[in-house]
Amino acid sequence: MTPGAILRNGLVTQNPGLVQLLGLCPLLAVSTSLGSGLGLGLATLAVLVASNAAVAVVGRFLPAEIRIAVFVLLVASLVTAVELALAAWVPGLHAALGIFLPLIVTNCLLLARAEGFASRQPPHLAALDGFAMGAGFLLVLVTLGSVRELLGHGSVGGDIHSLLGWPAPVGVTVFDGRHGLLLAILPPGAFILLGLLLALRQWHRARRAATTSEPAPATTPGAARA
Amino acid sequence: MADRADERSLWRAARAAILLAAVAVAGFGLVALVHEATRDDIAAAAHARQLARFREVLAATRFDNDMLADVVELRDPELLGTTAPAHAWRARLAGRPVAVVLEAVAPGGYSGPIELLVAIAPDGKLIGVRVTGHHETPGLGDAIETHRSNWIERFRGRSLGDPPPARWKVRKDGGDFDQFTGATITPRAVVGAVSNALACFTRHRAELLAPPATIVPP
């Protein structure tokens with residue numbers, strides 16, 4: 001695969017959040033604001049790049065029986081390292097992400113990329129795939145987080161300064177948070193908005209397929225998992 | 001022939017085990033290294049975080065001791081809402097106690113216990129109350145947080161006799177404290193816990209205001 005195809009795959013055609021629907025639990029739970037979405041997205045991206053590269057290095061030496069066990073070990077070590085680093089240097093973000101930071105280990109996106117791509121590729125392409133997939137996931141987290149924060153709290157990025165320990169707010173306040181749509185911050189709102197986002201993507205794809213009059217490739221959401 | 005096949009599968013298993021062990025050791029090494037590199041910063045961050053909480057709940061109260069080291073443990077499940085030992089930190093200025101910061105839990109939150117820090121002056125007046133952890137509904141119950149509303153500030157200056165014990169309740173229950181729109185259970189739990197914390201302070205007053213323990217922990 002060419003680097004360009006890998007990037008397009010992660011960001012668009014096989015986007016983990018919108019097409020593969022991998023890692024939905026953290027995606028829905030943490031996307032309550034732009035800040036926390038960005039934080040978890042970056043942490044996941046970092047782990048994914050490192051785990052894909054590590055898997056590509058050791059993958060070819062591994063007999064089938066222990067492959068998954070080794071991948072889990074690698075991912076768990078990397079996630080623990082990232083968690084410790086955040087606790088030491090970005091304590092506000094570490095506290096806000098709480099349990100979802102160590103739970104990156106259980107994000108099926110990581111094992112899916114390790115097993116499905118990285119173990120059969122050279123390290124640099126595997127790392128690029130980790131970056132592309134991580135960025136695709138980050139993009140959905142940030143979009144969902146911004147929309148939910150805007151609808152629910154009336155601001156965008158309103159908690160970034162407290163996550164990073166900065167003294168002054170950096171976000172934009174659009175309207176008074178007391179008039180926010182509560183549903184958007186609650187779990188049902190996450191599902192509804194993700195559904196709308198999926199519908200938007202499908203609509204866009206169908207429209208493009210219609211204008212180019214090419215049969216669209218079968219990328220129904222969730223199909224990649226089956 | 002069978003012997004050779006056995007030998008080969010044994011060798012395969014041994015190779016797999018060695019590889020797995022090697023990766024485990026490498027992963028362990030990575031975590032150990034990062035742990036070593038971050039240990040001091042994590043401790044410093046936790047220290048700073050706790051100190052910032054003290055500063056907030058103590059408002060303008062000045063103190064010059066190392067509060068984190070000047071701590072006693074209280075066990076009073078009835079009044080502190082938890083069976084675990086609760087911490088009580090003492091703030092002192094020139095050696096004299098100026099405040100006690102008590103950890104308390106309001107067990108009756110809408111979705112689980114609400115954790116509080118309650119700062120009390122030696123005369124039994126409240127200096128401040130802060131919520132340190134809760135699972136209340138965003139937009140309704142979270143008005144107990146300072147960045148959502150200033151509701152929690154109304155405890156300042158209150159004491160066990162002010163208002164009288166029968167009115168240490170939310171208005172809906174015939175007390176003096178406002179509930180907030182859409183949520184009664186949350187403020188009810190907090191008001192109850194604060195009143196209990198004050199009672200706990202009275203009950204353990206001598207111990208809480210005692211001079212710091214002379215035994216320095218190792």
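In what follows, every heavy atom counts, from backbone to side chain, and hydrogens, waters and symmetry copies are set aside. Proteins get letters first, then strands, A, B, ... in listed order; numbering begins at 1 in each. These figures come from a predicted structure and were not determined experimentally.
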**OP:** Among the options B:D40, B:V23, B:I42, B:L33, pick out the one with the most heavy-atom pairs lying under 4.5 Å from chain A.
**Re:** B:I42
**OP:** Might you work through the side-chain contact (heavy atoms from CB on, under 4.5 Å) test for B:L19 and A:V70, ending with a clear yes or no?
**Re:** CA-CA 9 Å; B:L19 270 170; A:V70 166; 5.8 Å; no
**OP:** Please say whether more than 12 non-hydrogen atoms of neighbouring residues, nucleotides or ligands are located less than 6.0 Å from CZ in B:R12.
**Re:** no
Original post:
When rounded to the nearest 0.5 angstrom, what is the spacing between CG in A:L73 and CG in B:L30?
Top reply: 11.5 Å
Subject >> Closest non-hydrogen atom pair, A:S77 against B:V31 >> reply: O-CG2, 3.7 Å
Original post:
In this structure, are over 12 heavy atoms from other groups packed under 6.0 Å from A:F131 atom CZ?
Top reply: no
**OP:** Mind listing the closest non-hydrogen atom pair of B:L20 and A:A69 along with its distance?
**Re:** CD1-CB, 4.0 Å
**OP:** Provide the closest heavy-atom pair for B:T38 versus A:A85 in the form atom of the first, atom of the second, distance.
**Re:** CG2-CA, 4.0 Å
**OP:** Please indicate whether B:Y110 has more than 12 foreign heavy atoms, meaning atoms of other residues, nucleotides or ligands, lying under 6.0 Å from its OH.
**Re:** no
Subject >> Heavy-atom contact with chain B under 4.5 Å, split by part of A:H94 >> reply: neither
Subject >> Residue among A:L74, A:L182, A:L78 with most heavy-atom pairs under 4.5 Å to chain B >> reply: A:L182
Original post:
Between B:S149 and chain A, which part of the residue has a heavy atom less than 4.5 Å away: side chain, backbone, both or neither?
Top reply: neither
**OP:** Sort out for me which of B:A44, B:A45, B:A16 touches chain A most, counting heavy-atom pairs under 4.5 Å.
**Re:** B:A16
Original post:
Does a sphere of radius 6.0 Å around CZ in A:F175 hold more than 12 heavy atoms from other residues, nucleotides or ligands, not counting ones at 6.0 Å or beyond?
Top reply: yes
Original post:
How many angstroms lie between CZ in B:R15 and CD1 in A:I66, if you round to the nearest 0.5 Å?
Top reply: 8.0 Å
Original post:
Closest approach of A:W89 and B:D41, non-hydrogen atoms and distance?
Top reply: NE1-OD2, 2.9 Å
Subject >> Test applied, side-chain contact (heavy atoms from CB on, under 4.5 Å); reference residue, B:V34; option that passes from A:V82, A:T80, A:L84 >> reply: A:L84
